[in-house]
Each structure stands twice: as C-alpha cells, then as structure tokens.
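What follows is a set of notes on a single structure, which appears directly below.
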Number of protein chains: 2
Amino acid sequence: MPNLDQLSAFIAAAETGSFSAAARRLKKAQSAVSNAIINLEIESGVDLFDRSSRSPTLTDQGEALLKSAYAVQSSHHDFVAKARALNLGEESELCIAIEQNISPQPVVELLIEFEQTFPFIELELLDPGINDVAALIRSGRAHIGLMLEQEEYPQGIKFKGIGHSRRMPVCSRNHPLAQLKQVSHSDLRQYRQLVMKSLDPEDTSHNRQVISPKLWYAESPFVIAELLSAGLGWAALHEAVVAEQLEKGILVVLSRTYQQDANLQGIDVVWTEQKALGKGGQWLLERLFKLKLG
Amino acid sequence: MPNLDQLSAFIAAAETGSFSAAARRLKKAQSAVSNAIINLEIESGVDLFDRSSRSPTLTDQGEALLKSAYAVQSSHHDFVAKARALNLGEESELCIAIEQNISPQPVVELLIEFEQTFPFIELELLDPGINDVAALIRSGRAHIGLMLEQEEYPQGIKFKGIGHSRRMPVCSRNHPLAQLKQVSHSDLRQYRQLVMKSLDPEDTSHNRQVISPKLWYAESPFVIAELLSAGLGWAALHEAVVAEQLEKGILVVLSRTYQQDANLQGIDVVWTEQKALGKGGQWLLERLFKLKLG
DNA sequence: ATCAACTTATCTAAATATCAGATAGATACT
DNA sequence: AGTATCTATCTGATATTTAGATAAGTTGAT
C-alpha cells in the first residue's frame, strides 16, 4: 500500500534528518513530507521516526525499513533508466556468436567495458562450431558474429576482416606421426583425419580441408582435440583451440614438408543490416573493427 | 515518474495477455488498467504492447521492461512483508555470540532453518574468547550467547545448560611431554602452560586453570593452538578447538595420572530479559534449549 | 527568562489524479 | 450476420495530494 512518493519522503527525511530539509530537497511543501511519512507509518504500522527531540531520528525499526526502502527506490530508478536507455536506441538484448576456433579472450575484454557502458542490455554469447556463425546471423538468432572467413556469405550478411588465426596440423605426442621429423601429404594420408564440419548440411567447405581418405567429422574443434588427445588420428586445428594442450605437451604440431604459408586463415566480424543494430551493437561493432587479431 | 499501480497493471496485463483480464485480477475497472498502461507508455516513452491484434502482446522493449517491473514489485513486496514482520514482533536484527571454545556447527544448522523462517532479520555472529560472551550480553551488544558455564553470571543474565564440552591437556607431538606415557602435575609444572584469559580485566576465572608457574596468556584458544602446534608449551583446550589438529596428528592429548573426570565443562545458553527478545530470538532460544551438546 | 530560528503536526481549500461506468469501434469465432 | 470479447476514450464522481497558514514544541544564544 505504501507508494513511491512516501518512500522517497522517508528516504529524504532519513538522510537529511529533518522533514523540512527533505521537503526542500524534494521541492515539496513541508506538510507534504510530514503527511507522507505519517501515512507511511500508519499504513506500515511501524513508527519510523522518534520525534521526541527537535530533529527526528530513525527508530531501530525505521532503520531496518530504510534499507528495504532503498531497495525499492533503486529498482525503480533502474526501471526508469532502462526505459530511457531503450528510448535512446539501446537494444534490450544482444546476441554475439564467436566461432569456437577463435579465442574469445579479446572480445571478453571488450565486453567488460560493454557491461559498464550498457548495464541494461542483456547479452547472450554463443559459441557455435565451424561456419555456423553466418547462419545464426542470417536467421536473426545472433546479431554480431566472429568467424573464420568464408569465400562467400549468404545474402544480407556484411563482414569485415579483423585479423588472422593460425591453423596447424596436430596429433597426440604418442601418435606415429609425432615420431616423424617432417610429415608429407602422403604421411598424413595414411592416418585418420578429423575434420570440422558445419551443422548446416548445405555447407561443403570442409571438403577443401580433406587430405586423408580416412575421415571422421565433428562439429566442435574441442571434441576433435579430445579425440586427438586420446591418440586418435590427426587434424588441422586453430591455435585458440589447442594452445593449452600444446602447452601441456599432450598434443604436438607436425612439421610439414609442404605449403608452409597456407596456414593463416582470416577472421571476420559478421553482422546484418536487415535488422538495424541498436546503440550497443553499433558500439561493439566499432570496437571489434579496431581489434587486430593474430 | 511511473508509479506502482501502473507497474502492477503492466505486470498483470503481461501475465494475462489482456487488459480486461488484468482489470478483473486487480479488481479494477478495465478503463483503469487501460489508462494505467497508456500513461506508463507515455511516461516511459516506450511502447509496451503491440495492439494490432485482438489480444495485446508484449513488444521486445516491453519484455525487457517487464523484468525491471518485476524487480520493483518484488522489492516493494519485501518492504511490506518486512513491515508486517516488524509489526508481528520480529526484531530487525539479532546478534549471537558463540564462544570460540564451542563448536558453532550445531547452531549453524539451526541458523539455516532460521534464515528460512525469518528472512528479514539481519543476523550478526560474534565469536569472542573465553568468558567474554556474558559481557556482550550484558552490554546489549549481543542478544543470545553460548559459552562455557561460569559459577556466577552478572546480574540480569539468564542461563540454561544445554550440554558439555570436553577439555583436555594437549601439546605438539614433538613436545617433550608428548613422549611420556603418562603425565602428572609435576610433569606439567616443568613446562610453559598457555592459558585462556578473558578480555575483561575483572575476570579471574583463568586462575583456576593454572598448574604450571610458567604462564603465557591469550584471549583466543585458536591462537593458543597455533603456539602449541609450533611446539611451545601445553594447554587445556576444548575439543571444538583442537579436533582438526588432533586429527592431523599435529597435536596430541596427554594421558593423565590425575582427575580423569574433571574434564567435562558445561555449555550454557545465556540471554537477558532486560531487553525482551523478539519473535526470532524466542524461536532461536527454544531451539537452543532442545540441543544436547557433547 | 526571553527571544530568534528552527522544527513538526494539523487544518483547509484548491488542485490533481484516479476511478467506474458507459460507449464506440475493432477483432475473432460461430 | 451475430455474438462475445477486446481496447480506447469520454464523463462525472470520488479520492488523493498538495501548498499555505497556523499552532505548538525544541534548541541554543543572549
């Protein structure tokens, strides 16, 4: 039953220690504050102030309720602030998809700042497998994505390169390939190759990676890394995926006799202009453009 | 500017999917709900509902603001509930002092239930050294205490025994005393004794514990246990304090040739009736009476 | 003790906000 | 077409809130 004006009067009076001062702060008549607090006391059934002296002082119970009053007031401020943010063009939610092959760390650093700047935007993070980011953007499920570059994108998708990721053939340190000083294509062909494959059945980009005729597929590079760690086959994986296992010595990089320079793959920011981005999305996009990855 | 009635109307309409149904739930006229929501939309500057079809549906922005509206409403409910609790005789805060020699664990189990039963009472826990609980109760700093029994308590303090704690002479496993099969008083007198002493300079109860002429004092039994672990002297400590270090073998109990039965010391609940306890304090007191410690 | 300067409580009348009821127009379903 | 249900809007009645004036109390200085 107590309303927000009564709570504001209560808070102002508690902070200033005077009903009159509270009235001046709130730009209301003294009688308005006095009435508000008396009514609040009647409705809540609690004596909030001890008026025996000149300046009213909070009772113990008043002190306790003051904390709850602050809680109401601050959540109300949040409501108003969120409405204002929406009015100024902030979206209410933003979904970002970062392909698993790409290290999220530089983006996470941006997001720390994002959280401060746009406290009311709800953020969702997706980490799809290879080449699935574009589909998420296109369907509207995600608003901004980071993915390994493709030769062509679905219509309506915009993209911009922001760096590179190194891809390298790796296997378990116990794998026969790991015992060779240098491996050639014909060496690789003798063992099972694990290839990343998109969820999208139309996507055929994985075919360009095929070297060995003995193939298994997985959507997630992390699943592949696990298989490799268990000693199964070899795969071309990105540094972000295998950095930790290389560090620990579980996986090793194969030295190649061939195409030493084809191992750099571009990283693109992708988004769509069909659904216009809000203030938060624009801010994030601009920051992503300034990144230099790899 | 938006008020609580408008937020209630917003929430009810969002939940029922209809302004009319919301009005029925809130027992108001349909026009009241319609006005409330329209005014809320004007004041916040956000279109909350899409009215193009028969039943209004939340816009994305409305969905976002609904969450904030819930936050305001629930904190307001908390305010009202807290006021009601205070009215029904709950204190706003309760301070419990548990002497360090006593294991807090049985009380902690009670407090789990307390937190559910009295969610609005702020609880403070103190863990004073030996014999300082009574002073905290007497000064009003704490409302309920658990302490090792004393022969007499300050005036105005009420107490009730709820169990016992075992006190035993302990020292480091590397200490010379630990090498003896059995220790006598004259053995103990040869080494430094560490004694718990109250903060209160008037308190002389530590004198009754003195055996050795080589004395050091500490307020906290845990500090004494640390000194013992480092190999310094011996002390009579309670099981709650040294259980862990006995388990690990850092400290050992000395086998005595004397008074095998004087090692049980009573545990009292103490409180005062000068300041009447509220509902929460009464509840806790009754539960403490039912405990059987030791 | 007296006074000045400040408090809070209370009263009144006016301004304001809120509400229920009636009505009209729109939508969905039979 | 007909029925039921919905929302927006208008209107007058009701309730609440407000400012201003006033009374009475407190504080601290003179």
Side-chain angles (χ1 to χ4, degrees), chain A residues 1-59 61-63 65-66 69 72-73 76 79-80, chain B residues 1-59 61-63 65-66 69 72-73 76 79-80:
Chain A
M1 214 46 104
N3 65 37
L4 291 168
D5 288 335
Q6 290 169 342
L7 295 182
S8 302
F10 174 34
I11 290 171
E15 288 183 350
T16 61
S18 150
F19 293 8
S20 301
R24 288 190 288 272
R25 176 199 285 188
L26 298 173
K27 295 183 177 143
K28 293 192 173 182
Q30 171 263 325
S31 60
V33 171
S34 184
N35 269 326
I37 291 177
I38 287 176
N39 286 331
L40 182 57
E41 287 178 317
I42 292 172
E43 288 169 16
S44 68
V46 174
D47 285 341
L48 302 173
F49 290 96
D50 173 14
R51 279 113 159 147
S52 63
S53 77
R54 155 124 83 159
S55 55
T57 53
L58 278 172
T59 62
Q61 299 189 327
E63 197 115 27
L65 278 180
L66 179 61
V72 179
Q73 192 180 60
H76 183 246
F79 182 94
V80 174
Chain B
M1 214 46 106
N3 64 36
L4 291 168
D5 288 335
Q6 289 168 343
L7 295 181
S8 303
F10 173 34
I11 289 171
E15 288 183 351
T16 62
S18 149
F19 292 8
S20 301
R24 288 191 288 272
R25 175 197 286 189
L26 298 173
K27 294 181 177 145
K28 293 191 173 183
Q30 171 263 325
S31 61
V33 171
S34 183
N35 268 326
I37 291 176
I38 285 176
N39 286 332
L40 182 56
E41 287 179 316
I42 292 171
E43 288 168 15
S44 68
V46 174
D47 286 340
L48 302 172
F49 289 96
D50 173 15
R51 278 109 159 154
S52 63
S53 79
R54 154 122 88 160
S55 57
T57 53
L58 277 173
T59 61
Q61 299 189 328
E63 196 114 28
L65 279 180
L66 179 62
V72 179
Q73 193 180 59
H76 183 247
F79 182 94
V80 174

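By convention in this document, chain letters (A, B, ...) are assigned in the order of the sequence lines, proteins followed by strands, and residues within each chain are numbered from 1. For the numbers below, each heavy atom of this structure counts, side chains included, while hydrogens, waters and symmetry mates do not.
Atom CG of B:D50 and atom CG of B:L58 lie 10.0 Å apart (nearest 0.5 Å). The CG atom of A:N39 lies 12.0 Å from the CE atom of A:M1; values are rounded to the nearest 0.5 Å. Between the CG atom of A:L26 and the OG1 atom of A:T16 there is a distance of 8.5 Å, given to the nearest 0.5 Å.
Under the salt bridge (charged side-chain N to carboxylate O under 4.0 Å, His left out) criterion, B:R54 pairs with no residue at all, not counting sequence neighbours.
Summarising the geometry, the separation between CG on A:D5 and C1' on C:dA17 is reported as 12 Å, rounded to the nearest angstrom. Between the CG atom of B:L4 and the C1' atom of C:dT18 there is a distance of 15 Å, given to the nearest Å. Taking atom CG of residue B:L26 and atom P of nucleotide C:dA20, one finds them 10 Å apart after rounding to whole Å. The distance between atom NZ of B:K27 and atom P of C:dG21, rounded to the nearest whole Å, is 15 Å.
Once you apply a 4.0 Å limit to the heavy atoms of chain B, the touched nucleotides of DNA chain D run 5' to 3' over D:dA4 to D:dT9.
Of the residues in residues 9-18 of chain B, not one comes within less than 4.0 Å of DNA chain C through any heavy atom. DNA chain C is contacted by A:Q30, A:S31, A:S34, A:I38 of residues 28-46 of chain A, taking any non-hydrogen atom closer than 4.0 Å.
B:E41 contributes a side-chain N or O that, together with a main-chain N or O of B:L48, makes up a donor-acceptor pair within less than 3.5 Å. Judged purely by atom type and a 3.5 angstrom limit, B:S34 has no side-chain atom pairing as donor or acceptor with the backbone of B:Q30. For A:T59 (side chain) and A:F49 (main-chain N/O), no donor-acceptor pair under 3.5 Å exists by modelled atom type.
Between A:K28 and A:D5 there is a side-chain heavy-atom pair separated by less than 4.5 Å. Side-chain atoms of B:I37 and B:Q6, non-hydrogen and from C-beta on, never get closer than 4.5 Å to each other. Considering only heavy atoms from C-beta on, B:V33 stays 4.5 Å or farther from B:F10 through its side chain. At least one side-chain heavy atom of B:F19 sits under 4.5 Å from a side-chain heavy atom of B:R51. Looking at heavy atoms from C-beta onward, A:V80 lies in side-chain contact with B:P2 at the 4.5 angstrom threshold. Side-chain contact check for A:H76 versus B:H76: every heavy-atom pair is 4.5 Å or farther apart. Looking at heavy atoms from C-beta onward, B:L7 lies out of side-chain contact with B:Q73 at the 4.5 angstrom threshold. Counting only heavy atoms from C-beta outward, the side chains of B:N3 and A:N3 never approach each other to under 4.5 Å.
Each end of the helix from C:dA1-D:dT30 to C:dT30-D:dA1 gets its own axis, taken as the rotation carrying the C1' atoms of four end pairs onto the next four within a five-pair window, and the two axes meet at 30° to the nearest 10 degrees.
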Detail all sub-3.5 Å separations between protein N/O atoms and N/O atoms belonging to nucleotides 26-28 of chain C.
{"residue": "C:dA28", "atom": "O4'", "partner": "B:R54", "partner atom": "NE", "Å": "3.4"}

